[in-house]
Amino acid sequence: MTASVNFLSQLNPSQRIAVEHFCGPLLVVAGAGSGKTRALTYRIAHLITHYQVDPESILAVTFTNKAAREMKDRLERLFAQEMALKQQGQPFNSLPEYDQKRLLSQVYKKTTKKLWIGTFHSLCARILRYDVNKYQDEKKRQWERNFSIFDESDVQSLVKNIVLKQFNLDDKKFNPRTVRYAISNAKNLGLSPEAYLKENSYAKGRVIAEVYNEYQTQLAANNALDFDDLILVPVRLFQQNESILGYWHSQFKHILVDEYQDTNRIQYELIQLLTTNAEPRKSEWNWENRSIFVVGDADQSIYSFRMADFTILLNFQSDFGDGLPDEDTRTMVKLEENYRSTETILQAANQLIENNSQRIDKILRPTRGEGEEIYCYKAEDERIEADFVMGKIQEMVETNPELNWGDFALLYRVNAQSRPFEDNFIRNNIPYNIVGGFKFYDRQEIKDSIAYLRLIVNPFDTVSLLRVINSPRRGIGKTSIDSLLKASQELEIPLWEIVRDETSVKTLAGRAAKSVNKFASMIKELQGKLKELSGTEIFDQIMELSGYVDDLKTKGTEEADNRLENIYELYSAIAQYQEENEDTSLQGYLTNASLASDLDNLDEGQEKVSLMTLHSAKGLEFPIVFLVGLEQGTFPHVRSLNDPLSLEEERRLCYVGITRAQEQLFISHARERYVWGSKEMKMVSQFIQEIPEELINSNLRPTARKVHRKKTVSSSANDKWSVGDRVIHHSFGEGEITHILGSGKKTNLAIQFAGLGRKIVDPRTNSITKIE
DNA sequence: TCCTCCACTGTTTTT
DNA sequence: CAGTGGAGGA
């Protein structure tokens, strides 16, 4: 088919191997900026056009919703371009906008709509909407298909309540956050409360296991799942029911996983089950018309706090592949050519990451020019640091007509660091966009509205019920609620079962009974309309009937107006979802909303400076990057200073930051900075010292670099030497390079000298010169 | 039942 | 320096 010929020609040999891969396992080790997204999208396109794979049987897992959306968009364009040439005989871009849109929507209907592209969480949620009712856990707890997804704050308060109120534990010894974290970790390792207990049978572990168990009971009582369950439950279900696993195994013939280094144990398990159908022995796996294709970079593994485990990536070759050494294997390919950044930036990144002990050998080979040196600014404090960044951006935008605000990104370790920059940007009218931190869905009015919707979809969702039963105030106070709650607990039935029953309410709620009954009939009414009305219509009605909007309107304060605005925005979000997904069910929207992240709001089209954490920046690129707060204790973060493994993760994070930059990188640090309201002295980050001095220009030694640069840089540059080069050594004479050993700082050359045999030489000693 | 004020506590990264 | 939670007053 002509389609494939077209895009294959744009690839380098390694990318081509990746894209043309059809059946069986393949690990793509893809360095930053090496075109891995391209490899992924082109491969999907190739599977469909060249191998006639049914789009419905392709499962592509990405790390963020944004990455998923981008992949779908790219695929749509790719197919639309092909169709433009075939149907109309002219390039897509030259078609009138109307035709472009028509083509894109054709492609959507025919192909991209059918693909299973999304995050682990969204894809699993989708699977569970079909099958969760067939699952039963060890304690016979069950869930229905209209389950709620509890967000982190729901979960926190649930755990807190169990620890403090129900179990009456000492919160010094059992900090609810720590307990919550332990439960999450257990789930990410695939441990049930019982299994957790077995592995943690000491006193504290036993208590946590009990909390975990009670927590599960309450989730089930609410017909709710937490984020971790979205992965854990399908895995369990697949383990206990082979026909359900069989169904999904035959559904997903070609599985692709992006950012494989950030996969955790339970996600790995899921992939493993879907790929192998739980066949235990490798020799029994049937790769006919089936593949597992993962892309990742161990150097960019930055989510171990979420139990991500990059040894999963390192083990791919022995888990799924042929397990042969790098030179001989056919189940691994490395993409090392970097198309994104200048050589200077790549050298900084390569040298920095060399300081890590835990990695697989890989470097980034530059394909672009040397570029500008890195500029390092030492500031007095965080306000001066902000002045510097602001001044530099303004200066560059003014002097360089090619640049606009959207070409700049400001990256920091923790969200709190954005503050001084925000203040500064507001004062100086610099348009900016903060990604992450406060979320739209975290606002009170939004949580309230969502809670109403959740309750209508899933009446067992007691957390939501409690949230809205007296919001807006309708005279249902603490005492009434408590007596209703107590009854539900004693009878072991959901709170809603009490609330919906007029007689029970009359006996229990006293003066508030009338209000409770009114509230209950309102919810009942909308539950009845759930099937006939669309999400937006339900939303409209609940806001009206509940008096929520009226309540805000009568307040008339600026704050209330603001909240109203947000509620209207939520309405548009639901409407937009319905339109884009051809899904008018409220449930679809709710799932989508609970899995949405703030990163999804990042709109590249806007001409605004982007501010975000280094974690959020993964997968993105910007012409100019500012990496700020490079101080010991800020970055690397305090909590990693004493732990070598976390320090390595911080270094990987720094590596991610550096490799976001295409043209130019600025780094800065402050001599002192406010932390918790008091000034602290800060030492410069060790990461700055790990970048070769010659690559950095700074406000402390403005002209230092030019003198050393050429010599040292080129002799430490690994890519200068290649096998077969003729060299002269000052004492051994002429020889030929036969091997290049290691990479970066540790590069050594094996050289065959006439009459002297082979010797290992360190090129950094300047003892050898190349003969051109 | 509701609202306001004060004291305390806890600070990484996110699907 | 936040944001939260509890206590006490209206």
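Naming convention: chains lettered A, B, ... in sequence-line order (proteins, then strands); numbering from 1 in each chain. Excluded from the calculations below are hydrogen atoms, water molecules and symmetry mates; all remaining heavy atoms, backbone and side chain alike, are included. For clarity, every value in this text was computed on a predicted model and none was experimentally measured.
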Answer yes if the side chains of A:Q166 and A:Q218 hold a donor-acceptor pair under 3.5 Å, and no otherwise.
yes
Of A:D228 and A:V414, the one whose closest DNA chain B nucleotide lies more 5'
A:V414
Protein within reach of the bases, or only the backbone? For nucleotides 1-9 of chain B, mark each nucleotide 5' to 3' as B, S or -, using heavy atoms under 4.0 Å.
SSS------
Please determine whether the number of non-hydrogen atoms from other residues, nucleotides or ligands lying under 6.0 Å from atom CZ of A:R474 exceeds 12.
yes
Taking N or O atoms only and anything under 3.5 Å, show me the protein contacts with nucleotides 1-6 of chain C, one pair per line.
from  : atom 1 : to     : atom 2 : distance (Å)
C:dA2 : OP2    : A:R419 : NH1    : 3.3
C:dG5 : OP1    : A:K160 : NZ     : 3.2

Taking only the P atom of each, what is the distance from B:dT13 to C:dT4 in whole angstrom?
15 Å
No-hydrogen, no-angle side-chain donor-acceptor test under 3.5 Å, A:T37 and A:R74
no
Phosphate OP1/OP2 of B:dT11: any A:N415 side-chain N/O under 4.0 Å:
no
To the nearest Å, how far apart are A:D309 CG and B:dT15 P?
20 Å
Checking A:D226 against A:Y215: is there a side-chain donor and acceptor pair closer than 3.5 Å?
yes
May I ask you to verify whether the side chain of A:R413 and the base of B:dT13 hold a donor-acceptor pair under 3.5 Å?
yes
After noting the C-alpha distance and the side-chain angles of A:R563 and A:E445, does the key distance pass the salt bridge (charged side-chain N to carboxylate O under 4.0 Å, His left out) rule?
CA-CA 6 Å; A:R563 298 200 161 163; A:E445 61 278 15; 3.2 Å; yes
Give a yes/no on whether any side-chain N or O of A:S640 is located under 4.0 angstrom from OP1 or OP2 of B:dT12.
no
So, A:S148 side chain and A:F150 main chain: donor-acceptor pair closer than 3.5 Å or not?
no
Go through A:Y548 and A:Y452 one step at a time and tell me if the side chain to side chain contact (heavy atoms under 4.5 Å, CB included) criterion holds.
CA-CA 10 Å; A:Y548 201 93; A:Y452 270 113; 4.1 Å; yes
Might you list the N or O atoms of the protein lying below 3.5 Å from N or O atoms in nucleotides 8-10 of chain C, with each pair's distance?
none

Going by number, which of residues 175-186 of chain A have a non-hydrogen atom under 4.0 Å from DNA chain B?
A:R177
Does the plane of the ring in A:Y589 sit parallel, tilted or perpendicular to the ring in A:Y441? Use 30° and 60° as the thresholds.
tilted
Are A:F305 and B:dT13 stacked, counting the six-membered base ring, centres under 5.5 Å, planes under 30°?
yes
Sidechain N-carboxylate O distance under 4.0 Å for A:K187, A:D137
no
Specify the separation, in whole Å, of atom CD of A:E152 and atom P of B:dT14.
13 Å
Distance in angstrom units between A:I434 CD1 and B:dT13 P, rounded:
13 Å
Nearest-nucleotide comparison on DNA chain B, the residue closer to the 5′ end among A:R639 and A:F120
A:R639
When we call it a touch if two heavy atoms are under 4.0 Å apart, what does A:Y674 touch: a base, just sugar-phosphate, or nothing?
nothing
For A:D381, check salt bridge (charged side-chain N to carboxylate O under 4.0 Å, His left out) against everything at least two apart and list the hits.
none
Assess, by modelled atom type and distance only, whether the side chains of A:N356 and A:D299 contain a donor and an acceptor separated by less than 3.5 Å.
no
Short side-chain N/O contact from A:S616 to OP1 or OP2 of B:dT14, under 4.0 Å
yes
What's the NE2-C1' distance between A:H637 and B:dT12, to the nearest Å?
4 Å
Take the protein atom CG of A:L614 and the nucleotide atom C1' of B:dT14, then report the distance between them rounded to whole Å.
14 Å
Could you state the atom-to-atom distance from CD of A:Q267 to C1' of B:dT14 in whole Å?
12 Å
Between the side chains of A:D131 and A:W248, is a donor N or O closer than 3.5 angstrom to an acceptor N or O?
yes
A:F227 has its side chain closest, among B:dT15, B:dT12, B:dT14, to B:dT15
A:F305: which residues meet the side-chain contact (heavy atoms from CB on, under 4.5 Å) condition with it, sequence neighbours left out?
A:Y181, A:Y303, A:H615, A:E649
Once you round it to whole Å, what is the distance between P of B:dT13 and CD1 of A:I302?
13 Å
Do A:D229 and A:F147 come within less than 4.5 Å of each other through their side chains, counting heavy atoms only?
no
Is atom CG of A:N642 surrounded by more than 12 heavy atoms (other residues, nucleotides or ligands) closer than 6.0 Å?
no
A:R69 CZ to B:dT15 P: how many Å, rounded?
13 Å
